[in-house]
Amino acid sequence: MKKKILNAIVLLLFISAFSFFIFIIQPDRLYLHGVVYEVRVINGFTNNSSLPLVIWCSSKDSDLGGRALQEHDDFSWRVTTKMWNTNQFCCTMKWDAKRKSFDAFKVPRDFYRCGIFKKCSWLVREDGFYFSPDEVNWKKDFQW
């Protein structure tokens with residue numbers, strides 16, 4: 001009888017420790033309530049005071065609208081992932097005669113790429129689009 005109680009206690013402790021690890025240490029792996037990401041697009045142009053960078057972003061579920069960004073202005077929003085990883089935000093950028101559409105956020109690509117703080121930042125410059133999970137280390141992803 002004592003052995004059964006001891007086994008039950010050990011099993012209960014194991015389940016409690018496992019639950020603690022899953023729900024506290026790694027809650028984003030479960031997708032129970034979704035993971036919140038911060039997406040930010042920054043105008044990194046050095047001299048476009050007379051001609052703003054125009055941005056328009058949307059997903060299949062919501063339209064974030066358009067903005068005209070002057071030098072160093074930014075446009076940011078939060079994305080909460082869904083259970084089946086369907087979140088995707090596409091942005092269209094226009095500057096002078098240049099126009100480019102790109103995925104500002106896409107779960108399969110950005111799940112790990114946005115880092116432990118879930119920050120997905122884009123810096124748009126004259127020569128292309130740069131990505132960073134920390135806004136310190138920028139990597140060029142593509143050109144206009």
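Only this structure's heavy atoms are used, side chains among them; waters, hydrogens and symmetry mates stay out.
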Under the side chain to side chain contact (heavy atoms under 4.5 Å, CB included) test, residues paired with Trp77 that sit two or more places apart: Val39, Val41, Cys57, Leu64, Phe75, Val79, Phe89, Cys91, Ala104
Hydrophobic cluster (4.5 angstrom, side-chain heavy atoms) - remaining members for Trp138: Ile42, Leu123, Tyr130
Distance in Å, Asp110 CG paired with Asn87 CG, rounded so as to fall on 0.5 Å steps: 11.0 Å
Residues which pass side chain to side chain contact (heavy atoms under 4.5 Å, CB included) with Phe142, listed by chain and number, not counting sequence neighbours: Lys100, Phe102, Trp122, Phe129
Value rounded to 0.5 Å, distance of CH2 in Trp56 from CE in Met93: 13.5 Å
Side-chain donor/acceptor of Ser132 to backbone N/O of Ser121, under 3.5 Å: no
Salt bridge (charged side-chain N to carboxylate O under 4.0 Å, His left out) contacts in which one or both residues fall within residues 135-144, not counting sequence neighbours: Arg40-Glu135, Arg113-Asp141, Lys119-Glu135, Asp127-Lys140
With Trp144 via side chain to side chain donor-acceptor pair (under 3.5 Å) - residues at least two apart: none
Sequence neighbours excluded, every pair satisfying disulfide bond (SG atoms under 2.5 Å apart) that has a member inside residues 96-144: Cys114-Cys120
Atom pair CD (Glu71) and CZ (Phe45), whose distance is rounded to the nearest 0.5 Å: 10.0 Å
Distance in Å, Lys94 NZ paired with Asp96 CG, rounded so as to fall on 0.5 Å steps: 7.0 Å
Approximate separation, where rounding is to 0.5 Å, of Leu51 CG and Gln70 CD: 8.5 Å
Listed partners of Ser101 passing side chain to side chain donor-acceptor pair (under 3.5 Å), at least two apart: Thr92
Shared hydrophobic cluster for Ile116 and Tyr37 (ILVMFWY, side-chain gaps under 4.5 Å): no
Sequence-distant partners of Asn137, side chain to side chain contact (heavy atoms under 4.5 Å, CB included), two or more places apart: Asp134
Main-chain N/O of Thr46 paired with Glu126 side-chain donor or acceptor, under 3.5 Å: yes
N/O donor-acceptor pair under 3.5 Å between Asp103 side chain and Phe105 backbone: no
Interatomic distance, Gln88 atom CD to Arg109 atom CZ [nearest 0.5 angstrom]: 8.0 Å
Connected hydrophobic set around Val36, excluding itself, where side chains approach under 4.5 Å: none
